Amino acid sequence: MNTWIDVPTNSDFSIYNLPYGVFLRDDKLTPGVAIGDSIIDLNACAKVGLFADLGFETSVFESDVLNDFIACGKSAWSALRAYLTAQLTVVGTLYEFREKVIVNRLGAKMCMPVKVGDYTDFYSSIEHATNVGKMFRPDNPLLPNWKHIPVGYHGRASSIVVSGTPITRPSGQMMPPDATAPIFGKSKRMDLELEMAFIIGKPNALGEPVDIDNAEDHIFGKVVFNDWSARDIQKWEYVPLGPFLGKNFGSSISPWIVTMEALEPFRCESVKQDPEVLPYLQYSGNKNFDINLEVGLTPEGDEETTIAESNFKYMYWNMAQQLTHHTVNGCNLNVGDMMASGTISGKEKGSFGSMLELSWGGKETIELNNGKTRTFIDDGDTITIRAWCEKDGKRVGFGECSGKILP
Ligand code: MN
């Protein structure tokens, strides 16, 4: 497909993508769609009547988040996507209004795309669970439940921030290796977690589980997710109820939500689950997605080093299984809720999605391009995660999820 908007070669935001975000225009939070280095201002389009025939109330774009639009349902998402695809590939009404409704994306300030009511983090990469298990419990890395339930915990929604927001190194209580009593101080083991998250697009009522065959209908789209983690705080606090203050001081997301429709061409074979899972978690078809992932570490004022390369297709538990399991007890999910994958690690060392694994619990050093080394994240370091799909000359990317650690 050719579009009249200039799209640089290798842009994450090709005509096949059309992701949704919220940006600042004239000091107002405004929903938009990215293409190339441009943003289509959805509220401005609605104001001049461009979306009048799409079958949903276009005042949803007056909102400063996308929740109202997402709540309009799948038919609205598809209608808008089809309209924009058509209008970007012919010289029509969108072209006619281009000076009013299209703005430069480069330098635009991006904001949280949705109001996140609830956030859940899973633990669905078998390589990650096994690696961490080996460090914390050498004799017993993968706990007996792991291959039967997509393990997860309820996280904190209030501290999810958009890419570019700095994260302050947290203080907390920890038990140093040879100590007999805990101490209080700044975390010395600041880490990242390479994850992706999906956003709920269709709610389910309390008491009404979502069947696995319908689960993907409840997903609007995906973002890159960095679940910042303070390993020393986490290690001391996690028994017996799981992650708490070692996690909830900040999580970063990429600003553009890539829709399930845009990801459709990038489905790939699912990971074989052995032993067979219980019937409510069994599914047909391909439910994994081939999404390249990359983590960069940039010391203050220095060049970036790629410290990990992974892929979303390695996930043992897929999104449909996570969502179905989450609702199987009748738990209700709402539009805007966010479900993160858990750290995505591959089999090889260079594909591990956390510094805990890359440095094997701090025992090995990670070499940087500038000759320095790391075991965990230093103050002033910026972590940037990128994600993209590529097939048959089509590229659908997520842009960046980055954050700098402040003292
Ligand atoms: Mn996590």
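Note that ligands are numbered from 1 as they come in the structure, with each ligand's atoms numbered from 1 the same way. Just so it is clear, the model here is predicted, and its values are computed rather than measured.
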Just give me the atom name: the N, O or S atom of [X] closest to the Mn ion (ligand 1).
X	value
Glu193	OE1
Asp227	OD2
Glu195	OE2
Asp121	OD2

query = For Val101, what residues pass the side chain to side chain contact (heavy atoms under 4.5 Å, CB included) criterion, not counting sequence neighbours?
reply =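 Val101: side chain to side chain contact (heavy atoms under 4.5 Å, CB included) contacts with Ala44, Cys45, Val48, Leu94, Phe97.
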Not counting sequence neighbours, list each pair that qualifies as a salt bridge (charged side-chain N to carboxylate O under 4.0 Å, His left out) and has a residue in residues 127-150.
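Sorted result for residues 127-150: Glu127-Lys347.
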Distance flag, aromatic centroids of Trp228 and Phe249, threshold under 6.0 Å: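 Between Trp228 and Phe249, which both carry aromatic rings, the centre distance is not below 6.0 Å.
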Taking the six-membered ring for Trp and the single ring otherwise, decide whether the centroids of His326 and His154 are under 6.0 Å apart.
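Here the rings of His154 and His326 have centres that are less than 6.0 Å from each other.
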